[in-house]
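Working notes, beginning with the structure itself.
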Amino acid sequence: MFFPLFIEVIIPLFLPKNYTWAVPAQMQAAVQPGVRVEVQLKNKRYAGIVKKMLDKKPEEFEPKEILNVLDTEPVVYPQQLDLWQWIARYYMCSEGEVMQAAMPANLKLSSESILIWNEERSYDFSDLTDSEYVVAEALELKKELRLNEVQQLLDASNVYPVIKKLIEKGVCHVWEELKEKYRSKTETFVTLHSKYNNEDELADLLNNWSKAPKQMELLLSYLHLVKTEGEVTQPKLLKKSNATAAQLKGLCEKNILVLEKRATDRIRLLPRDIQIDFTLSAAQQKAFDEVQQGFSEKQVCLLHGVTASGKTEVYTKLIEACITQGKQVLYMLPEIALTSQIIRRLQKHFGGYIAIYHSKFNPNERVEIWNKVKTGETKVVLGARSSLFLPFKDLGLIIADEEHDASYKQQDPAPRYHARDAAIYYASLNNARVLLGSATPSIESYYNCTQQKYALVQLDERYGQVELPQISVIDIKKVPAQDKGKVALSPSLIAAIDTSLQQQKQVILFQNRRGYSPYLICGTCGWIPQCRHCDVTLTYHKAKNSLACHYCGTSYPVINTCAACGSHNFNQKNFGTEKIEELVAEAFPNARISRMDYDSVKGKNDHDALIKLFEQQRIDILVGTQMVVKGLDFEHVNLVGIIDADGILNFTDFRVNERAFQLMEQVSGRAGRRDGKGTVLIQVSNPMHPVLQFVKEHDFTRLFQFELANRKQFDYPPFTRLIQVIFKHKEKHIAEEAANIMMQGLKKDFGNECNGPAQPVVDRVRNQYLWEILIKLPKDAARINLCKREIQQQIVIIQSNKRYRGVTILPDVDPV
DNA sequence: AGCACGCCGACT
DNA sequence: GTCGGCGTGCTC
């Protein structure tokens, strides 16, 4: 006797809520939460994941039946489903969108439409139009056609009307086919036929060999390979013996060798042993003990360790402790693709226990890692933010390294989640611990420590007691300028570079703008070329001889005539890395200079190659953008120059001071990491800026207190979420309404700046223009509250819209 | 995501 | 008069 069974299914689409299907009696035994089921929605088929079992039939609609159950065991654990739900609610998206981001593409199935020829139809095509006839004729021949074949046939993108007509006229019908995309990798292995396992038989065979010398050679190669490598694959054997597949086939037909296809792992397994070949320094050991102590009381611990203090060694010990207890560890890094240094170090220590996972992996490999994590075979995952979605079986610890890094937050496709916050939630589901590590913690994490929510561990001495670099500020206003513009390289910086070069040391020059000059300005009327799509000034690139928008990437030819007054005298303003490189080359003609920015390192390999050159001291001066900061440990740098700190101190981000401190601290951290004290020179036109004082003293605590006093709120969920709404809404009126209300709240203070029709406003939001307005807000608590009230009102309106029914907007960023 | 439906501008 | 653009809405 079967009870009627209904299931809530997550479909990888943006749907306002999850839909319900009925389960036919014969499938009820196989259905459980976490398995994939094949369902029909509208007229497409999807593979969805069962979220919940329901025993009552929904009243408002008549559920359709599912078509198939695709798995015998769940592909995700219940915690995954819980995490997806949390992310969907917290970041205002559908669970389907989370699923889309979470699952490897090859575990998702998609349907492919196939047209099937209707045999019963008469062969009279007289009632068909030209394009219908073309398809019908092909169908008659092939009996079935795929959608993309029809597209090729008609050479038109819009084939649906034609297909619809053909169905109406009874020429064919449509079949939707779900396809499993994951394929296991098979390799052909070669083995000796069992009768030659006997030594005598084998010797007999070899001694009495008459014809086919090439086959003999092949057999000997095989015997050699077996001895040296144990297992022999077909391509390896053929390569070694330089033989053809036909010759191998000959041996097989004589029943001497046997070919066998076997599924193999794509992931090459290193030996599974742990090698810890270092001991912690006293300071590191103390930090390690404190973290352990912290974990016994709190779920989350923040490890605040100055640059080059050796946090990685502490992590390594913690990972070791965790896996010896049989638990799994997730080590998250903001941008995994760029940190081969850490990958190498951890692989050395944990060998086959560790797997690397990020979105650049090929889809089949990702499925294999997914499964290995699910069975618990893989103990340590080193990955980018997406690795948070892996189905850990027994998770003990999550490490979020460089915790402050903004790339933990996914910006563009939904779900716009913050991997650090989501990790804390996920860990709480698994009763696992979270270690946040950074030399420059985010204000919100540090705040949570002061509120006793997280444990705090300080590691404030560099490894080997190397001193922190000496930081000096150069007032660029006091440097006499040759022309009207600012000076890029002050005499003190030049002198310092000179000294470093003489000492055979390396220099990093940091300039946070790529290109040659960040903007052009008309010398006659002051007009500045801007991007057509974004309210952003265009940067002049000398190498490409073009103007580029650094926001949307559009490239324009160089403008010589002013669009406003028609004159031809443009001035180049400020300097980007390209120009700095040029100036440095002029000043130091004998030095080896390289540039590292988005333009000069296109591929991952370029980046690695440049790092290697620098490590091997084949470059003396490296000019670069933020890129020079990412997880790199250079030993011979003793001077870092920050060319233009003004640009950093005026970030167009509402976390101005926080970001400025982080960046300057991280950049200076590159200096004097191993031998001797490093020097940092900061060129700035406002040397009294408070953040500079904190940087000089390496004093994060003072920055934190400064921010706390100046900023009562750390994030503005209504703002961020509203912007997300505006971003994602195709329905213009909602976006307009939302933007308008937001603008009304802001207009009083910023006058006509925010006036105008709503569409440009939405565009400005997209261009982060609005952020520039928002950053001015935190200074006045009363004004924030005013705006927040208005925006919250707007959110109520958005919530009452039926598309957002069932979506909760939580009032706080706190994930726990 | 797809696809249907519906409402306005440019055409045989 | 219709064709076709995309803005809006619905799918269990």
**Report entry** B:dC3 phosphate, OP1 or OP2, under 4.0 Å from A:K44 side-chain N/O
**Finding:** yes

Query raised in the report: With respect to the side chain of A:L13, which nucleotide from B:dA1, C:dC12, B:dC3 is positioned closest?
Result: B:dA1

Query raised in the report: Can you list the residues that meet the side-chain contact (heavy atoms from CB on, under 4.5 Å) rule with A:I116, with sequence neighbours excluded?
Result: A:I114, A:E144, A:H173, A:W175

Query - Distance, rounded to the nearest Å, where A:Q100 contributes CD and B:dG2 contributes C1' - result: 13 Å

Report task. State which residues pass side chain to side chain donor-acceptor pair (under 3.5 Å) with A:K51; sequence neighbours excluded, sorted by chain then number. Result -> A:Q85, A:E95

Query raised in the report: Can A:D82 and A:Y426 be counted as having a side-chain donor-acceptor contact under 3.5 angstrom?
Result: no

Report summary line: Quick note, A:K42 side chain, CB onward, closest among B:dA1, C:dC12, B:dC3 is B:dC3

Query - Point-to-point distance, once rounded to the nearest 0.5 Å, from CZ of A:R420 to CD of A:E402 - result: 12.5 Å

Requested in this report: Take the protein atom CD of A:E60 and the nucleotide atom C1' of C:dC10, then report the distance between them rounded to whole Å.
Outcome: 15 Å

Query raised in the report: Separation of A:I10 atom CD1 from B:dA1 atom P, in whole Å?
Result: 17 Å

Query raised in the report: Just how far, in rounded Å, is P of B:dG2 from CD of A:Q40?
Result: 14 Å

Query - Spacing of A:Y19 atom OH relative to C:dC10 atom P, expressed in whole Å - result: 9 Å

Query raised in the report: In whole angstrom, what separates A:K64's NZ from C:dC10's C1'?
Result: 12 Å

Report task. Output, in order, the C-alpha distance, side-chain angles, deciding distance and verdict of side-chain contact (heavy atoms from CB on, under 4.5 Å) for A:V75 and A:Q80. Result -> CA-CA 10 Å; A:V75 289; A:Q80 255 76 44; over 6 Å; no

Query - Rounded distance (Å) that lies between atom P of C:dT11 and atom CH2 of A:W21 - result: 11 Å

Query raised in the report: Taking only N and O in the side chain of A:Y46, is any of them less than 4.0 Å away from OP1 or OP2 of B:dG2?
Result: yes

Query raised in the report: Rounded to the Å, how far apart are A:I11 CD1 and B:dG2 C1'?
Result: 14 Å

Report task. Would you mind classifying the nucleic acid contact of A:L15 as base, sugar-phosphate or nothing, using non-hydrogen atoms under 4.0 angstrom? Result -> base

**Report entry** Nearest to side-chain heavy atoms of A:L41, which nucleotide of B:dA1, B:dC3, C:dC12
**Finding:** C:dC12

